[in-house]
2 protein chains.
Amino acid sequence: MTETSSQEATAESPPEQSTPSRRELNKAATRSSIASAALDLLRSNGSGNFTVEDIAASAGVSRRTFFNYFPSLEAALASVADGFMDHALEQFRLRPEEESILESAQAALMALADPMSVAPMAELFSLTQDNRQLARSELEAWEHCTEQIIDAARSRLGTGISELYLHALAGSVISCGKAAMTVWFTEHGPDLSPKSLAALRQHLIDAMGLLGAGFAPPSHTSSQTAAASPSVPTTKDRF
Amino acid sequence: MTETSSQEATAESPPEQSTPSRRELNKAATRSSIASAALDLLRSNGSGNFTVEDIAASAGVSRRTFFNYFPSLEAALASVADGFMDHALEQFRLRPEEESILESAQAALMALADPMSVAPMAELFSLTQDNRQLARSELEAWEHCTEQIIDAARSRLGTGISELYLHALAGSVISCGKAAMTVWFTEHGPDLSPKSLAALRQHLIDAMGLLGAGFAPPSHTSSQTAAASPSVPTTKDRF
DNA sequence: TCACATACTTACACTAAGTGCAAGTTTGCA
DNA sequence: TGCAAACTTGCACTTAGTGTAAGTATGTGA
């Protein structure tokens, strides 16, 4: 997402990085106040039980202004997920060039398993599960993230790399991240205790391990031991 | 998708398989006439340039009836993709029990690379690319397919299998299928010649090969040779 | 073949999403 | 201070999507 949400009001000159001018600050404030109003309403009313008008009123802006910032109600809520994933992408891009994509991805995902990052995402996850529209937006967020990874990986591996490789790898990495989050959430719900987060972290490691090992052994034990040695993949009985 | 689209009008008694009664036939006919009217309008007007009312009129039903069959304009178009993916899932479920999931998946995907199956999907792909809403529906279709694979794989591997394994594997398989289709489409557009379809088939094989090999070697050659030996995965430089 | 129940279609009315436009208000800058 | 550009807002309009009640087709049992 990230820039997807910038609308009419913001369409042209994103003044790069310097001078957070008054206008910039105002816009950022409005934007985040709309987003958090939306999240509050989601919390209090449940998904599907409030309108854009409600959000706008609660954020102290007009309905029209809401649509100047977000193209839809779902987009306003998805901005939470966007922040989460942008954070992950940032981590990914900071990894050393010579590291393998899988390792970088694992490291980036790891950075997400701290309470500060994962808390809003987990909450959104829990509040979102029963709503088609919101689930769609989440899919879109993952998809956007995949595209970003493809770009990042391409610029790291050089343009000679096969596009199929890039797409398949990025898609699989994201799928594994998604799988880890999904499984973690169905097991722990919105529990953000250190123990629960450790489980999430382990799931992320395991999932990436499975991917790196070509999903070799269909382990029948619990997930904890599913991918015992991600860095020494067993290469038998594959396929 | 599949049953997702059945709406109010169809909510209760799906008479399993026997006796395609008059009512069943009528409903099926109406449904497909709506779907093809939607596709026709997509072809002639381009995405975003027609309304549900147009579709209903063109299919000879009321607007309300349209919504009795599909929950949205996108859903009507997505029924094409649904058919495609249902076909793939059917192939998957027909594979022998003892075969590995990856092999079954590859075989199932392979069945899609014939003109009859892929033609409508490819057309939808090409007509869809520029439209957010439609792209979303497609994501949803892939997602639904992933869930079906999870179910199928679970019932094959037994319930003792780790949920993380199932989710990560199914997601990755679908990602690879998606990657193959995407890359193929950007290279060949809506070209359905035998040569083009052979390329699609090769992409599917390569992508699954990469997955089975844990995305080991970042090959710098073209996709054709990217995963030379999917059944004899090279296991070096991984991670 | 008639009647009756049930399934399906349709018209109508209503709420809410999303957008273009023009007039107001705020901010940046000379 | 004053002007231009950016931002907000109200208004009007089209379209999506849904509930409801009345109409039409279909299956069934006598």
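Naming: A, B, ... by sequence-line order, numbering from 1 per chain.
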Drop me the distance from A:Thr186's OG1 to B:Glu163's CD, to the nearest 0.5 angstrom.
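Output value for this atom pair is 7.0 Å.
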Nearest-Å distance for atom pair [atom1]/[atom2], residues [X] and [N]:
X	N	atom1	atom2	answer
A:Leu134	C:dA17	CG	P	12 Å
B:Phe67	C:dC14	CZ	P	18 Å
A:Arg63	C:dG20	CZ	P	13 Å
A:Asn49	C:dT15	CG	P	17 Å
B:Ile55	D:dA16	CD1	C1'	12 Å
A:Leu41	C:dA16	CG	P	14 Å
B:Asn68	D:dA25	CG	P	17 Å
A:Phe70	C:dT19	CZ	C1'	18 Å

OP1 or OP2 of [N] less than 4.0 angstrom from a side-chain nitrogen or oxygen of [X], does that happen here?
X	N	result
B:Lys27	C:dC8	yes
A:Tyr69	D:dT8	yes
B:Thr65	C:dT10	yes

May I ask you to decide if the ring planes of B:Phe70 and B:Phe66 are parallel, tilted or perpendicular, using 30° and 60° as cut-offs?
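The rings of B:Phe70 and B:Phe66 sit tilted, inter-plane angle from 30° to 60°.
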Please pick, from [options], the nucleotide with the shortest atom-to-atom distance to any side-chain atom of [X].
X	options	answer
B:Leu73	C:dT19, D:dA16, C:dC8	D:dA16
B:Arg23	C:dA17, D:dT26, C:dT9	D:dT26
A:Ser62	C:dG18, C:dT9, D:dG10	D:dG10

So does B:Arg64 reach the base of D:dG17 with its side chain, donor to acceptor, closer than 3.5 Å?
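Answer no: no donor N or O sits under 3.5 Å from an acceptor.
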Atom CD of residue position B:Glu53 - does it have more than 12 heavy atoms of other residues, nucleotides or ligands inside 6.0 Å?
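No, the 6.0 Å shell around CD holds no more than 12 heavy atoms from other groups.
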Let me know, please, whether A:Phe50 or B:Asn26 comes out on the 5' side of the other along DNA chain C by nearest nucleotide.
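The residue whose closest nucleotide sits nearer the 5' end is B:Asn26.
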Looking at A:Phe92, I'd like to know if the NZ or CZ of A:Arg156 sits under 6.0 Å from its six-membered ring centre while staying within 45 degrees of the ring's axis.
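Yes, A:Arg156 lies over the aromatic ring of A:Phe92.
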Candidate pair B:Ser196 and B:Ser193, rule side-chain hydrogen bond (donor to acceptor under 3.5 Å, both in side chains), full reasoning:
CA-CA 5 Å; B:Ser196 169; B:Ser193 66; 4.7 Å; no
